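These notes concern the structure reproduced below.
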Amino acid sequence: MRRIKLVVAYDGTNYRGWQIQKNGETIESMLNRALQELTGEEIHVMGASRTDSGVHAMGNVAVFDTEARMAGDKFVYALNQRLPEDIRVQHSCEVPPDFHPRYQETVKTYEYRILNRRFPLPAYRLNTYFTYYTLDVERMCRAAAYLTGEHDFQSFCAAGAQVKSTVRTVYDLQVLKSGDLITIRITGNGFLYNMVRIIAGTLMKVGSGEWEPEAVEAILAARDRRAAGPTAPAKGLTLMEIVFKNENGFFC
């Protein structure tokens, strides 16, 4: 039995998230079906990040086990011939049999995109949140500074999430503006359920002038979801990259 790793990009608009659901197609179900067609085996992929309905990815990671003799780097080509246009494998390779993407030390990067102008642009409708309320990026940057480092992010975790600890480390959090497009780019060692979208909703509250940047420090200290801003809509969020630490301490 061999284990194959896939790096998968997708537009999440038409899917009920990553994980298999009873009420619609998911990224996982589409990959399973394509792999079963390719190998003739019953395949169940294991994903690194279970993105929500409507969330996108440039580089989610999954593995699967197979008896197929195809070279690991050839699966990318065979799968892309069987997948819909809104799902594309970017890379495939063979990994050790005990490699599991959810139980490795990782660094993840997400981006939340906001179109901030008077009227929407159709080209951005599927992967960018639109708001006509003017957002002050400088204020958002000042607020973002309070969120870098190791903190208890309980205030930024959706209610009902079952985790052992709500402490996470944010290595970098930037708010970037290019024309009418604002991008919140965040890199960390892991994220709680809806954490990035709640951070985005909170920073937009600051950017609109409704809250002061310093309020974010008090929100962290409260350790209460009700203290933070709203959960920003899923369509603005993209999982950009997952980097894994190997046995030599380097990320690959």
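All values derive from a computational prediction rather than experimental measurement.
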Aromatic ring pairing Trp18/Tyr10, orientation class (parallel under 30°, perpendicular over 60°, tilted between): tilted
How are the rings of Phe64 and Phe75 set relative to one another: parallel (under 30°), tilted (30 to 60°) or perpendicular (over 60°)? perpendicular
Carefully, step by step, assess Asn116 and Tyr132 under the rule side-chain hydrogen bond (donor to acceptor under 3.5 Å, both in side chains). CA-CA 6 Å; Asn116 191 203; Tyr132 61 86; over 6 Å; no
From the list Asp172, Leu173, Leu147, side chain to side chain contact (heavy atoms under 4.5 Å, CB included) with Ile186 holds only for Leu173
Enter the distance from [X]:[atom1] to [Y]:[atom2] here, rounded to the nearest 0.5 Å.
{"X": "Leu135", "Y": "Glu138", "atom1": "CG", "atom2": "CD", "answer": "13.5 Å"}
{"X": "Met70", "Y": "Tyr77", "atom1": "CE", "atom2": "OH", "answer": "12.0 Å"}
{"X": "Ile182", "Y": "Asp136", "atom1": "CD1", "atom2": "CG", "answer": "9.0 Å"}
{"X": "Arg33", "Y": "Leu38", "atom1": "CZ", "atom2": "CG", "answer": "14.5 Å"}
{"X": "Ile87", "Y": "Leu31", "atom1": "CD1", "atom2": "CG", "answer": "6.0 Å"}

Donor-acceptor pair, distance only, cut-off 3.5 Å: does the side chain of [X] make one with the backbone of [Y]?
{"X": "His91", "Y": "Lys5", "result": "no"}
{"X": "Tyr110", "Y": "Ile184", "result": "no"}
{"X": "Ser29", "Y": "Glu25", "result": "no"}
{"X": "Thr166", "Y": "Phe153", "result": "no"}
{"X": "Lys205", "Y": "Gly207", "result": "no"}

Give me the atom names and distance for the closest heavy-atom approach of Arg88 to Leu83. NH1-O, 3.2 Å
Over all atoms of both residues, closest heavy-atom pair of Ala48 and Phe244: CB-CZ, 4.4 Å
Where do Phe191 and Phe156 land on the ring pair (Phe, Tyr, Trp, His ring centres under 6.0 Å) test, with the steps shown first? CA-CA 10 Å; Phe191 296 93; Phe156 297 89; over 10 Å; no
Please walk me through it: do Thr231 and Arg225 pass side-chain hydrogen bond (donor to acceptor under 3.5 Å, both in side chains)? CA-CA 10 Å; Thr231 304; Arg225 171 65 189 94; 3.1 Å; yes
Among Glu41, Arg3, Glu94, exactly one meets side-chain hydrogen bond (donor to acceptor under 3.5 Å, both in side chains) together with Thr66. Which residue is that? Glu41
Between Glu210 and Arg139, does a salt bridge (charged side-chain N to carboxylate O under 4.0 Å, His left out) hold up when you go through it step by step? CA-CA 11 Å; Glu210 188 171 345; Arg139 288 171 57 89; over 6 Å; no
Between Arg197 and Asp52, is a salt bridge (charged side-chain N to carboxylate O under 4.0 Å, His left out) present by the stated rule, with each step listed? CA-CA 11 Å; Arg197 290 166 59 190; Asp52 290 338; 3.5 Å; yes
Can you tell me which residue among Glu217, Glu212, Glu214 is in a salt bridge (Lys or Arg N to Asp or Glu O under 4.0 Å) with Arg142? Glu214
